[in-house]
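Here the structure is laid out as structure tokens; the discussion comes afterwards.
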Amino acid sequence: ANGERAMNAMLHPGAYAKRSLLSRVQEDPNSPNIPPPTLPISAIYGDPNEDWMTSSHGKELIRLLGQRNGSIYTGFQEVPHAGHLITFDNPKGFVELLLVELKSGGLVFFQKKG
């Protein structure tokens with residue numbers, strides 16, 4: 001997560017999206033521009049102690065999207081010991097949580113033989 005420390009230093013006091021998806025969903029929860037999900041959605045964030053992204057926004061977005069279509073799976077996971085670049089910081093942890101989310105959302109594309 002050394003890259004995360006460097007990113008924090010370069011962006012201090014912070015960097016924010018001009019208009020995040022969360023803010024758009026919060027402004028108009030029934031907006032036709034953001035249709036209800038028709039496929040399972042999962043958000044996977046880095047460890048809150050190491051990722052410069054605020055995971056609470058991802059949690060809230062997933063919650064709101066789940067309300068828009070209650071029959072669709074929505075999930076949220078945080079990869080331990082990983083910053084924003086999850087696949088570099090903790091590839092094994094990322095794959096483990098990805099498999100959990102794929103199975104939870106009914107998106108299992110392969111089966112172990114034997």
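All residue numbers refer to positions in the sequence shown, counting from 1. Scope of the values below: all heavy atoms of this structure, side chains included, with no hydrogens, waters or symmetry mates.
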(message) With a 3.5 Å distance limit and no angle check, can you tell me whether Asn90 reaches the backbone of Pro80 through a side-chain donor-acceptor pair?
(response) yes

(message) If hydrophobic clusters are built by linking Ile, Leu, Val, Met, Phe, Trp and Tyr wherever their side-chain heavy atoms come under 4.5 Å apart, do Ile44 and Val100 end up in the same one?
(response) no

(message) So which atom in Ile86 and which in Tyr45 form the shortest heavy-atom distance, rounded to 0.1 Å?
(response) CD1-C, 3.4 Å

(message) Please report the interatomic distance CD1(Ile41) to CG(Leu65), rounded to the nearest 0.5 Å.
(response) 5.0 Å

(request) Spell out, yes or no, whether Phe76 and Trp52 are grouped together once hydrophobic residues are joined by side-chain heavy atoms under 4.5 Å, including indirect joins. (result) yes

(message) Can you give me the closest heavy-atom contact between Ser42 and Glu101, atom names plus distance?
(response) OG-OE1, 2.5 Å

(message) If I take atom OG from residue Ser23 and atom CG from residue Leu61, how far apart are they, to the nearest 0.5 angstrom?
(response) 10.0 Å

(message) If we ignore hydrogens and angles and just use 3.5 Å, is the side chain of Asp89 paired with the main-chain N or O of Ala82 as donor and acceptor?
(response) no

(request) Treating Ile, Leu, Val, Met, Phe, Trp and Tyr as nodes and any side-chain heavy-atom pair under 4.5 angstrom as an edge, say whether Ile62 and Leu64 lie in one connected cluster. (result) yes

(message) Show the nearest heavy-atom pair for residues Leu97 and Gln77, with the distance to one decimal.
(response) CD2-OE1, 3.4 Å

(request) Evaluate the side-chain proximity of His84 to Glu50: yes if any heavy-atom separation is below 4.5 Å, no if none is. (result) no

(message) What's the separation between atom OG1 in Thr38 and atom CZ in Arg68, rounded to the nearest 0.5 Å?
(response) 11.5 Å

(message) Can you tell me how far apart OG1 (Thr74) and CG (Leu39) are? Round to the nearest 0.5 Å.
(response) 13.0 Å

(request) Report yes if some heavy atom in the side chain of Lys59 is under 4.5 Å from a heavy atom in the side chain of Arg63; otherwise report no. (result) no

(message) Membership question, hydrophobic clusters at under 4.5 Å side-chain separation (ILVMFWY): are Ile72 and Leu102 in the same one?
(response) no

